[in-house]
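Numbering of ligands and ligand atoms starts at 1, following listing order.
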Amino acid sequence: MASHVVGYPRMGPKRELKFALESMWDGKTQAADLEQVAKDLRASIWKQMSEAGVSMIPSNTFSYYDQVLDTTAMVGAVPSRYEWTGGEIGHDVYFSMARGNKTKPAMEMTKWFDTNYHYIVPELSGETKFVYSSRKAVSEYNEAKALGIDTVPVLVGPVTYLLLSKGDKSAPKGFNTLSLLDAILPVYKEAITELKGAGASWIQLDEPKLVMDLESAQYEAFKKAYAVLSEVSGVKLLVETYFTDLPVEAYKTLCDLPIAGFGVDLVRGSKTLAVIKEHALPTGKTLFAGVVDGRNIWANDLAASVNTVKELQASLGKDNVVVSTSCSLLHSAVDLKNETKLDNELKSWMAFAAQKLVEVVAIANAVSGNKDEEYFAANAAAQASRRNSPRVHNKAVKELAAGLAGSEHRRATPVSTRLEEQQKYLNLPILPTTTIGSFPQTPELRRVRREVKSKKISEEDYDKAIKAEIDSVVKLQEELDIDVLVHGEPERNDMVEYFGEQLDGFCFSANGWVQSYGSRCVKPPIIFGDVSRPKAMTVYWSSYAQSVTKRPMKGMLTGPVTILNWSFVRNDQPRSETCYQISLAIKDEVEDLEKANITVIQIDEAALREGLPLRKSEHADYLRWAVHGFRITTCGVKDTTQIHTHMCYSNFNDIIHSIIDMDADVITIENSRSDEKLLSVFREGVHYGAGIGPGVYDIHSPRIPPTEEMADRARKMLAVLESKVLWINPDCGLKTRKYGEVVPALTNMVNAAKQLRAELAK
Ligand SMILES: [Zn+2]
């Protein structure tokens, strides 16, 4: 029985590609050095798969930056500003599109479906001329072949590519990128023909757009595209889908396409199996059954996967099923072998990408009657130990979480009354000023945190250094005359890791990096067990900060939904259950802050929107438990305790009622990069009774906005919001900025608030 892998991480087990890229971008090494690192990485990945026994090994899943950008290069859709004049696209043009150059900004980047990977958004118009301009796929195929390894070249499918594109500046509003299908297909045909000529027998086209809510014209585009591509004879086309259930309509479409097979995600797509059994498979087609999770780090339940594959064989025919991964392993960590921080028991419950290759092959072998008894026995033992381990299961936490059912956890007093009670106590001026939380993170602070971890400096020295930093951040804010202060978060490395490290049920890998975009990687915390809080996490620093000022000091927490969405999450219980457990831990922290006389507490939910399911029909259920999870953290505080939340985006027109339903007293949000979007929500008559601080300046840029510009932004908000609810603050935390930028910008911001107060007083 064949085994197949959809794709593999590119960075290397020790992020070799990241360092090679950044070194070349910094001018420290040459392109040839980068190319050698890349070639060695590709070779080692192919050899690893070959040695594991994977029979269908992918190629062209490597990328110097992003697979969608690689496709843009392949079809020659370079935006005119990069002044490309034709020919094979080289590093200069490629990296200019990805990162901008001295004179031209980069192309836009956005999230790849519901993952934390970001792709470069193609810019197209009616004028776009598609030309076959990057032979990367065929050269990688040949490179593997030279090593004696026959591979399945992988391309982003043409329909998904067009649907992920946007109209460029010259395109008319509402430009339909699918109108370019006829124009782009000849380039795909050329690439497929060349790959076939080089010897490829299968070619994989990734069409994850098929799992989304599509209209009939979009389904028609798939039919048209594959009718054309299948004209290349003598090569088998595999269309890969992933990330959630395949709608019945999409399944039927795939069955009708003139292709040799297609892949489905049977991990996230829990209902797909039933669809397949009901609608069967046309003769001659192969189903690639994605049973090994590409989005997580847990070991597969091998016995269960073998059963699933056997069931599929029983209904589709023995030779029509291939064992595969649920999606590209790009979204998992690379290799458990390099883990020094995780103990052996935790490791026995996990599989990173390298281990997942072995799982895919073991499942295929077992289904063909060639079961590796020892490997399966070890896997079954690990599954059982995880199911029963007291490290995973905490009866008290489970009971508390179960007890949440039946209540909405709302604060008893309406927000307008609460705001009045809080104002009596806080006595803030109209249009109060604040910042979002973090202040610039200096190399000195990073050194101090690193050295206390490695015990190079004592706890006392660390304590002294952090307090000194808090002192200076507080003093600065008082000098600037900001109304509600923050302590600047000098003790925090990361807004999720900081909490995960102090909560039970979390563990951390040493090298479990996942590509986020370009050379950037993140190392998500791993939630392996029931979550609880052994002791207070932030009270010490917040109390200290409050003790050195008379002004209100915000307690700063990360919300449960954000902690959940930025971690590798348990697969043995629903996400909502894990979220509720985190909510209970944060609730205890909120109440401890309140007891310590912290009267303003901010709970960031930066990633609330990120967790939205891909399909609209599932949004309501997610928003219900996510918003409920947030309310659990705040439902127990006094009316006089002011709860803030913060979000790093403002495109929430569609979820505004859920935001209101969070029932925070004040929300601060990104606004300066998308002014009109936020204003339009209120223009349309949505009533937002709570306090609101739409950012008056963009902290993502080093630019220092003048007072008048910030005052203007606030005036626009005042046109649609009552002055008593409006706050004046930046867009986001300041940790990536320098003091040379922060001080003048905040000076102007406070001046803008004062100017407006004077105007309002008239
Ligand atoms: Zn933010």
May I ask you to say whether Lys616 pairs ionically with Asp654, meaning some side-chain N is under 4.0 Å from a carboxylate O? no
Glu478/Lys475 salt bridge by N-O under 4.0 Å criterion: no
My understanding is that only residues two or more places apart in sequence, or in another chain, count here; which of them pass side-chain contact (heavy atoms from CB on, under 4.5 Å) with Pro525? Val496, Phe506, Phe508, Ser567
Contacts of Thr707 that satisfy side-chain contact (heavy atoms from CB on, under 4.5 Å) - sequence neighbours left out: Asn748, Asn751, Ala752, Gln755
Sequence neighbours excluded, the answer for side-chain contact (heavy atoms from CB on, under 4.5 Å) partners of Ala596 is Val539, Ser543
List nothing but the number: protein N/O/S atoms under 2.8 Å from the Zn ion (ligand 1). 3
Rounded to the nearest 0.5 angstrom, the OH-CD1 distance for Tyr688 and Ile667 is 4.5 Å
